[in-house]
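Structure record follows, encoded as structure tokens.
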There are 2 protein chains.
Amino acid sequence: MAQADDGTGLPASLATAWGLRERPSRGPKPTLSLDRIVDEAVAIAAADGVEAVSMPRVAKALGVSTMSLYRYVGAKGELLILMQEAATPPAPVLDPAASWRASMERWAREQRKIFYANLWLLRIPLTGPPATPRQVEWMECGLSALADTGLAEEAKLSVLMLVGGYVRNEAAVMSSIDAAIRESGRTPDEHLREYARTLSVLTTPERHPGVTRVLDSGVLQGADGEDDEFEFGLACVLDGVAALIERGGGS
Amino acid sequence: MAQADDGTGLPASLATAWGLRERPSRGPKPTLSLDRIVDEAVAIAAADGVEAVSMPRVAKALGVSTMSLYRYVGAKGELLILMQEAATPPAPVLDPAASWRASMERWAREQRKIFYANLWLLRIPLTGPPATPRQVEWMECGLSALADTGLAEEAKLSVLMLVGGYVRNEAAVMSSIDAAIRESGRTPDEHLREYARTLSVLTTPERHPGVTRVLDSGVLQGADGEDDEFEFGLACVLDGVAALIERGGGS
DNA sequence: CAGTAATGCGTAAGCCATACGCAGAAGCCG
DNA sequence: CGGCTTCTGCGTATGGCTTACGCATTACTG
């Protein structure tokens, strides 16, 4: 009755991701493999965005019919999860001698690198708390960075969510800008300038003194210093975490 | 040639949101109004999630044909933007005498309240930097909270993105959990417990010492204290901002 | 060498967004 | 007041999407 009995009561997509399902050895040889499907889907997403990933398109790229894919994947959502998993490299091995702060910085920066290399990742809606192998691996990695801080377990989770959320959010904004740019065919610099112009048309110094000041300051004129802005925010977040740790950590 | 000339070069959806487009007075009286359409769409999203919002469904709920809607809305994406706008109340008027920290706390909490009251909001993918009236209004509000901090304009923007991103991210996680719960028909508590059980099946103490410790600590047993967790993270973020301000603010 | 189970895939049902064009209604101008 | 213009609602149609189902075919297993 229920789905393939893999011992756990896991949803099929997770079971697949954890490699708990074995292919049977009975029928004809499969023409494809899960890996080839996922790789192709990732390639399409990288080239044209996630919204371009459809079962017909993936199948066509692989030279098979649409429905063949469903012999490997239970549903499209499953494919999306597997794509995320495939695009996420293993978590780094942190230097145990390094300070928690250096470790968290590395954790954050490496995650950011992944997002920037796969901006389509951020266009996949969240499906729930982290439960795929790589997600758990990164979680473990983050926890290990905080192991010696004396924080309560609950606080560690909160810190990870805080820092991870910051990274994700910053990248998501970039990703949305990237998607908008891709659609409009402008360059990033044009886009920012266009945005500044739009804002200046819509706002008035009386009703929007703060926004006007920002516009006048010329901050929105050049798209340089993305990294600086990220590091700025990261430092800010970690300062907050440091304050928490010094205070003696959340009981 | 180009779209309706509203003076600015704005995309149609924004022009509509800012009320820059007037309905002509020539033909027959419209049966509907933009407001009624948006309200109905919001009601559907609140009841069944954004993915349930389709043009046919909205039209049916209003008792008109599908294509009638396109007399009021240029495309579905436009409707989604208008829905966001409709669900966002005006930004609060901050007490000018309050400290920046108290003001930012209020700013963050009120935003969180909006998200929690409209969890479907977080399932709409970001479309770009804030450019609708309400978004600009909230941005102005946030800037006013930071007016007396001595921060550089650029730093103010970063802080808003930091705090706003934190709020958004925390709510987005809640929203994804909500969506998962809605789909599976479980209660929130069951869901969390199920998650803990899944994790404990998939992890081993050797490979995942940190995760194991978290599981053993029983943190994932009760779903209470959402607010506490939010306040915890917010305090952390604002501590970081405070450190920045005391340091003399980002030149 | 059966039998059985797994394969690829065709068909089709039921969603969706939206381009286009037409009949008729409401305002405007002479 | 008559005609022209403009705008309305909506029917039709196209081309996308996901995915349920069933069929012929293939290759292991006993």
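So that the names make sense, note that chain A is the first sequence line, chain B the second, and so on, each numbered from 1. Note that the structure is predicted; figures quoted are calculated from it, not measured.
The stretch residues 44-61 of chain B touches DNA chain C through B:Ser54, B:Met55, B:Pro56, each having a heavy atom under 4.0 angstrom from the strand.
For the salt bridge (Lys or Arg N to Asp or Glu O under 4.0 Å) test, residues two or more places apart in sequence or in another chain that qualify with B:Glu78 are B:Arg21. Listed by chain and number, the residues in a side chain to side chain donor-acceptor pair (under 3.5 Å) with A:Thr203 amount to none (sequence neighbours excluded). Take B:Glu190 and apply the side chain to side chain donor-acceptor pair (under 3.5 Å) test, not counting sequence neighbours, and it matches no residue. Residues forming a salt bridge (Lys or Arg N to Asp or Glu O under 4.0 Å) with B:Glu137 (at least two apart in sequence, or on another chain): B:Arg134. By the salt bridge (Lys or Arg N to Asp or Glu O under 4.0 Å) test, A:Glu229 is found to be paired with no residue, residues two or more places apart in sequence or in another chain being considered. Contacts of B:Thr212 classified as side chain to side chain donor-acceptor pair (under 3.5 Å), with partners at least two apart in sequence or in another chain: none.
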Distances under 3.5 Å only, N/O to N/O: pair up the protein atoms with those of nucleotides 4-8 of chain D.
unit_1, atom_1, unit_2, atom_2, d
D:dT8, OP1, B:Arg23, NH1, 2.7

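Evaluation of the ring-ring contact (aromatic ring centres under 6.0 Å, His included) test over residues 164-204 of chain A, restricted to residues two or more places apart or in two chains, returns A:Tyr166-A:Phe230. Screening residues 32-51 of chain B for side chain to side chain donor-acceptor pair (under 3.5 Å), with sequence neighbours left out, gives B:Asp48-B:Arg57. Listed by first and then second residue, the ring-ring contact (aromatic ring centres under 6.0 Å, His included) pairs involving residues 44-83 of chain B amount to none (not counting sequence neighbours).
The footprint of chain B on DNA chain C, defined by a heavy-atom cutoff below 4.0 Å, extends from C:dC16 to C:dC28.
Ion pairing between A:Asp227 and A:Arg112 holds under the 4.0 Å rule for side-chain N and carboxylate O.
Phosphate proximity of D:dG9 to B:Ser65: absent, as no side-chain N or O sits under 4.0 Å from OP1 or OP2.
Here D:dT19 presents its P atom at 10 Å from CD of A:Glu78, a figure rounded to the nearest Å.
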